[in-house]
J.: 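Structure below; questions to follow.
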Number of protein chains: 2
Amino acid sequence: MAETRWLDPSEMRAWKAFLAAGALLNRRLDQQLKEDSGLSHAQYEILVRLSAHPDGELRMTELADALINSKSGLTYQVGQLEKAGLVRRRSCPSDVRGVFAVLTEAGRELLERAAPGHVAAVRELLIDVLTPEQREAIADGLGEVTRRLRAGSA
Amino acid sequence: MAETRWLDPSEMRAWKAFLAAGALLNRRLDQQLKEDSGLSHAQYEILVRLSAHPDGELRMTELADALINSKSGLTYQVGQLEKAGLVRRRSCPSDVRGVFAVLTEAGRELLERAAPGHVAAVRELLIDVLTPEQREAIADGLGEVTRRLRAGSA
DNA sequence: GGCGTGTGGTTCAAATTCGAACCACGCCGT
DNA sequence: ACGGCGTGGTTCGAATTTGAACCACACGCC
């Protein structure tokens, strides 16, 4: 192991800002969503992914790695959403083991009611605070970071 | 409520990258820290804050809002660290209610052992992936985001 | 056909998180 | 000195998260 290259002040500033912004923003959005529509941010994300797909359905595994949680966490959350009637499970015809999560009509409606407030919050707290150049830098830089993280999880 | 201003593709790209990078990075660092030194990222952060202060001590409340967690979460984590002998509690002389968390010698040693690996990971996964311009943009942009979030939590 | 190996999901126990309720005490006006 | 209010921390219960263990099945290869 070589000498440790500590973070210089500029690097430290970026790292701390990233960390703090992520944590605070997540917390805030979670609150906003929960009191606005009763959904957690995680649940909201699930509904969004589903709604982005034809027929509003997606395999559990695809959901799991599109998202953040462990597989067991997904099982739990889909269970919650199912109890709430926002999602339905359907077994995959071609592979008995496979399970689709399907957005119900109620789910789609709730999502449509929740989305405007959520988007407004994201805009107010993040997007509209950044200059267009900063937005691009974040999209490019963190996009690359994400790509590598996904690649390196083999 | 005015018409919803949805996110355009560029904005969406930034938002998704930010979200994904935050989640993936946090998870990865957590794993790295845990198998490297047995600390969670949250615990590591606590130790870092303490070590950054003279005598390695800090009031619970100061810790709480320097960090991310709720107050109860902090109580819990400090409890864990105390059980592990990395931190000690000391009641504040001037205010009986107040409690200092104090870094023990063992805590400082563990932190010093854990830091190099952690910094290396942060560097590899985030800092060194970004161009200097992107780093600055992130530091500035997300710094401002953080400032507003802290201000608006009144 | 029959057997290892790998996948897709779920279940389980344990750890963590959060907010709300709570206690004990300082602070301040009277 | 006294009573009410705000603060600093902890406790409590409920919800969530995670990794590991676990089934049931698909697949490839003999």
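Residue numbers begin at 1 in each chain, while the letters A, B, ... track the order of the sequences.
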J.: Measure from CG on A/Asp65 to P on C/dG9 and round the result to the nearest Å.
T.: 10 Å

J.: Could you state whether A/Val99 and A/Val96 fall into the same hydrophobic cluster, counting links through intermediate Ile, Leu, Val, Met, Phe, Trp or Tyr residues with side-chain heavy atoms under 4.5 angstrom apart?
T.: no

J.: Do the non-hydrogen side-chain atoms of A/Leu25 and B/Phe18 ever get within less than 4.5 Å of each other?
T.: yes

J.: From NE2 of A/His41 over to P of C/dC18, roughly how many Å is that when rounded to an integer?
T.: 15 Å

J.: Using the rule that Ile, Leu, Val, Met, Phe, Trp and Tyr join whenever any side-chain heavy atoms are under 4.5 Å apart, tell me whether B/Leu47 and B/Leu29 fall into a single cluster.
T.: no

J.: Out of D/dT10, C/dG26, C/dT10, which nucleotide sits closest to the side chain of A/Lys71?
T.: C/dT10

J.: Give the rounded distance in Å between these two atoms: NZ of B/Lys83 and C1' of C/dA14.
T.: 12 Å

J.: Find the distance A/Arg59:CZ to C/dT7:P and express it as a whole number of Å.
T.: 13 Å

J.: Membership question, hydrophobic clusters at under 4.5 Å side-chain separation (ILVMFWY): are A/Leu149 and B/Leu142 in the same one?
T.: yes

J.: Could you tell me how far apart A/Met60 (CE) and D/dC23 (C1') are, to the nearest whole angstrom?
T.: 16 Å

J.: From CD1 of B/Ile46 over to P of D/dG9, roughly how many Å is that when rounded to an integer?
T.: 13 Å

J.: Please determine, for the side chain of A/Arg97, which listed nucleotide (C/dT10, D/dA24, D/dG6) has the closest atom?
T.: D/dA24

J.: Rounding to an integer number of Å, can you tell me how far A/Asn26 CG sits from C/dC18 C1'?
T.: 14 Å

J.: Name the closest nucleotide to the B/Asp95 side chain, picking from D/dG9, C/dG26, C/dT7.
T.: C/dG26

J.: Assuming nearest nucleotide by heavy-atom distance, tell me which of B/Val96 and A/Ser72 is located more 5' along DNA chain C.
T.: A/Ser72

J.: Which atom pairs, one a donor and one an acceptor, fall under 3.5 Å between side chains of residues 54-63 of chain B and the rest of the protein, sequence neighbours left out?
T.:
| unit_1 | atom_1 | unit_2 | atom_2 | d |
| --- | --- | --- | --- | --- |
| B/Glu57 | OE1 | B/Arg90 | NE | 3.3 |
| B/Glu57 | OE1 | B/Arg90 | NH2 | 3.4 |
| B/Glu57 | OE2 | B/Arg90 | NH2 | 2.8 |

J.: Enumerate all atom pairs, one protein N or O and one N or O from nucleotides 15-17 of chain D, separated by less than 3.5 Å.
T.:
| unit_1 | atom_1 | unit_2 | atom_2 | d |
| --- | --- | --- | --- | --- |
| D/dT16 | OP2 | A/Tyr76 | OH | 2.7 |
| D/dT16 | OP2 | A/Gln80 | NE2 | 3.4 |
| D/dT17 | OP2 | A/Gln77 | NE2 | 2.6 |

J.: A/Gln31 side chain N/O closer than 4.0 Å to the phosphate oxygens (OP1, OP2) of C/dG19?
T.: yes

J.: Given the rule in the side-chain hydrogen bond (donor to acceptor under 3.5 Å, both in side chains) test, do B/His118 and B/Asp36 qualify, once you have shown the distances and angles that lead to the verdict?
T.: CA-CA 9 Å; B/His118 176 67; B/Asp36 201 47; over 6 Å; no

J.: Per the side-chain contact (heavy atoms from CB on, under 4.5 Å) rule, which among A/Leu39, A/Leu50, A/Leu103 passes with A/Leu86?
T.: A/Leu39

J.: Give a yes/no on whether any side-chain N or O of A/Arg89 is located under 4.0 angstrom from OP1 or OP2 of C/dT10.
T.: yes

J.: I need the CG-P distance between B/Leu67 and C/dT16, as an integer number of Å.
T.: 16 Å

J.: Quick check on DNA chain D: between A/Leu74 and A/Ser94, whose nearest nucleotide comes earlier from the 5' end?
T.: A/Leu74

